[in-house]
Amino acid sequence: MNDLSYYSTAQKRLMFFRYFVFILCYLGLAYTWFSIHEAYEILRYAVAPFAFAFAGTFLFQEKPLPTYIKLAIAFPLWYFITRIVNGDYSLAQSFQNFIGYFIAYCISFPFVYLLPMKKRRNCLIAFSMVYLILLAIMSWISVFACIRQEPFTIPHFTNYIIGLNEFYINPTRLNVMNQHPNFVGAFLVMGFGVTMYIEVTLKKKWIIAPLVLIQLGIYLAVALTVSRTSMIEIALLMAVGVVILFLRKPSRLSRVSKSAITIALASCIAFVAYIGFDASIALMSSISEKLQPQTSTVIQSNITTNLELPFLNHASANTDSIVDKREISEHIGTLTGRTDIFLSAIPAIRANPKALFVGTLEDGMMKVTEQVIGRAATHYHNSWLHTLMLTGMPGLAVIIVLTFFILRATFTLCFKIKIPINISDIFLCLIPIALLFHSLFESFAFINYTLLNMVFSFYAGAVLQRAKDVKISSL
């Protein structure tokens, strides 16, 4: 079906239906950023039936689904089984997770595969452009709100703001719609990778300036999240991007000389990019200090006239900076308290051995961990460990194999094909790889049930399908 140049009316209607459901699911998950309870009611009663119908269209595929898509579909099904086994028969506790996984694995992940081959590149570009426009708006609002120290309030959703306030005050960090700053950082990092992909794919001079502006906004917003993992990833993406472009230029240098220059170049770019975050915070803080007399009256007015709001304007306790700074070496030995969370999985499994096979329910999954580490914890700060504790070894096996497929596809696109390597394919691979790296320290890739995992699944599926298409072309 995907290889035919002509489509019947029924096939065109099926494609239109898939586009519609794909957009509907994204809108539904995006609405959770504004009103989580209303959004999941909409997802349950309005979006879920369409999502299940979308998955039902797989039965009409003329070709068998690829192994990686079958595996992806198996994950939400196994998750559903583990909820039943653990006593959540009506998904009262687990619906948010289930519908998030179902959309990510059964709709977003296989979407590029389901498109006609000639439409895949255009779909990737269109999706990426929408993603970047939204990130540009979010990042620049974040920057201006933090500099002014006056949070931006969303009309009709006054409890959800963008800027600095008491929601994240220890340390003071960027708050975007009450999403955790590390989560926002990961979202921005993938967006930075997307800007690089669009730059090398479109190769249009007119688009360079807008993309650089988006990259600058993302860079500054990542600095405001104070997420060191995100900062490191941005620095690495910049270094890798420049190195790739450098290596593709013809040179008379010997292999040893070129390798030495490449390593030195990558190191310098990564170092400058990382220390640039501190300089960016200092610059924004300086501008904020100069603007403060002009905004102080506005801030006072908001506080006195909107006392019912739970989120009051707040500047950093560190008077010389709008956000609190953290050294890269600070708490590095414990990965900022993550190592004890990793190790707490051992007593948690001892307390509930069946978790190794069928996982546990969300409500009770972290209880033993919290007792062991002596503080609150919401997840295991590692996608693979979190998957093990939530879905048991079968669920972990699925995402390990999917991880292997993504890494293998990346290796294929970057090194192993017989035809000339397409540079845009290399930059496409960097997008899901960035979140995989981030997921070593956060429960994001595969196991996150929000919009972040849906975007990751889309690009991961695109990489896998692109590797398959390239293999066919090189035969």
Side-chain angles (χ1 to χ4, degrees), residues 25 28-29 32 36-53 55-56 70-107 109 341-402 439 442-454 457:
C25 289
L29 283 178
T32 61
I36 190 166
H37 298 296
E38 288 182 12
Y40 279 108
E41 287 299 301
I42 293 172
L43 285 167
R44 181 188 293 270
Y45 296 110
V47 177
F50 286 102
F52 296 147
K70 292 178 181 177
L71 270 175
I73 294 172
F75 185 84
L77 296 179
W78 173 249
Y79 174 80
F80 177 78
I81 292 171
T82 60
R83 301 310 91 182
I84 301 300
V85 172
N86 283 287
D88 188 11
Y89 305 113
S90 61
L91 295 183
Q93 297 182 34
S94 311
F95 175 76
Q96 292 183 8
N97 287 49
F98 174 71
I99 192 62
Y101 297 149
F102 191 90
I103 291 173
Y105 289 104
C106 298
I107 295 175
F109 195 77
I341 296 178
F342 298 159
L343 295 173
S344 70
I346 298 174
I349 291 172
R350 287 175 180 166
N352 182 22
K354 77 170 187 177
L356 274 177
F357 305 98
V358 293
T360 53
L361 292 179
E362 286 79 356
D363 287 355
M365 186 174 68
M366 303 302 296
K367 286 183 179 178
V368 175
T369 290
E370 291 178 339
Q371 293 171 2
V372 171
I373 66 177
R375 64 179 189 276
T378 56
H379 59 90
Y380 278 98
H381 283 277
N382 179 281
S383 283
W384 296 269
L385 180 59
H386 193 94
T387 301
L388 172 65
M389 300 304 296
L390 185 65
T391 64
M393 290 189 291
L396 175 62
V398 170
I399 72 161
I400 286 177
V401 175
L402 288 176
S439 299
E442 302 288 349
S443 302
F444 286 161
F446 300 113
I447 201 64
N448 186 280
Y449 57 86
T450 65
L451 194 62
L452 178 65
N453 192 37
M454 191 169 180
S457 298

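Owing to the predicted nature of the structure, the values given are computational and were not obtained by experimental measurement. Sequence positions, counted from 1, serve as the residue numbers for this chain.
Here T450 pairs with N448 under the side-chain hydrogen bond (donor to acceptor under 3.5 Å, both in side chains) rule; sequence neighbours left out. In this structure, the salt bridge (charged side-chain N to carboxylate O under 4.0 Å, His left out) partners of R375, at least two apart in sequence or on a different chain, are D340. By the side-chain hydrogen bond (donor to acceptor under 3.5 Å, both in side chains) test, H379 is found to be paired with S443, residues two or more places apart in sequence or in another chain being considered. Qualifying side-chain hydrogen bond (donor to acceptor under 3.5 Å, both in side chains) partners for S457, counting only residues two or more places apart in sequence or in other chains: none.
Under a 3.5 Å cut-off, the side chain of E370 and the backbone N or O of A376 do not form any donor-acceptor pair.
Rounding to the nearest 0.5 Å gives a distance of 10.5 Å between OH of Y449 and CG of L390. The OH atom of Y380 sits 9.0 Å away from atom CG of L388, with the distance rounded to the nearest 0.5 Å. To the nearest 0.5 angstrom, L43 atom CG is 6.0 Å from I99 atom CD1. Here the OG1 atom belonging to T32 is positioned 12.0 Å from the CD atom belonging to E38, to the nearest 0.5 angstrom. Interatomic distance, CG of L452 versus CG of L29, reported as 11.0 Å (0.5 Å rounding). Taking CE from M366 and OG from S344, the interatomic distance works out to 6.0 Å, rounded to the nearest 0.5 Å.
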Throw together a table of side-chain donor-acceptor distances under 3.5 angstrom for residues 351-359, partners on residues two or more places apart or in other chains.
none

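When side chains are defined from C-beta on, L91 does not count as touching Q96, because their heavy atoms never get closer than 4.5 Å. I447 has its side chain out of reach of W384: every pair of non-hydrogen atoms, C-beta onward, lies at least 4.5 Å apart. With a 4.5 Å cut-off on side-chain heavy atoms, Y105 and L402 count as touching. Counting heavy atoms from C-beta outward, H386 and F446 have side chains that stay 4.5 Å or more apart.
Taking every heavy atom of both residues into account, S439 and F444 meet most closely at OG-CB, 3.6 Å. Looking at every heavy atom in both residues, S94 comes nearest to D88 through OG-OD2, 2.7 Å. For the residue pair A39 and G28, the shortest heavy atom distance occurs at CB-O, 4.1 Å. Nearest heavy-atom pair across N453 and A445 is OD1-C, 3.8 Å. The nearest pair of heavy atoms linking S383 to T387 is O-OG1, 2.6 Å.
For an aromatic pair to be called close, the ring centres must be under 6.0 Å apart, and F52 with F102 satisfies this.
The neighbour count for F342 CZ, taken as heavy atoms of other residues, nucleotides or ligands under 6.0 Å away, is above 12.
Aromatic ring pairs are classed by plane angle as parallel below 30°, tilted from 30° to 60° and perpendicular above 60°; the pair Y40 and F95 is perpendicular.
Judged as a side-chain hydrogen bond (donor to acceptor under 3.5 Å, both in side chains), the pairs with a partner in residues 76-87 (not counting sequence neighbours) are, in order, Y79-E362, R83-E362.
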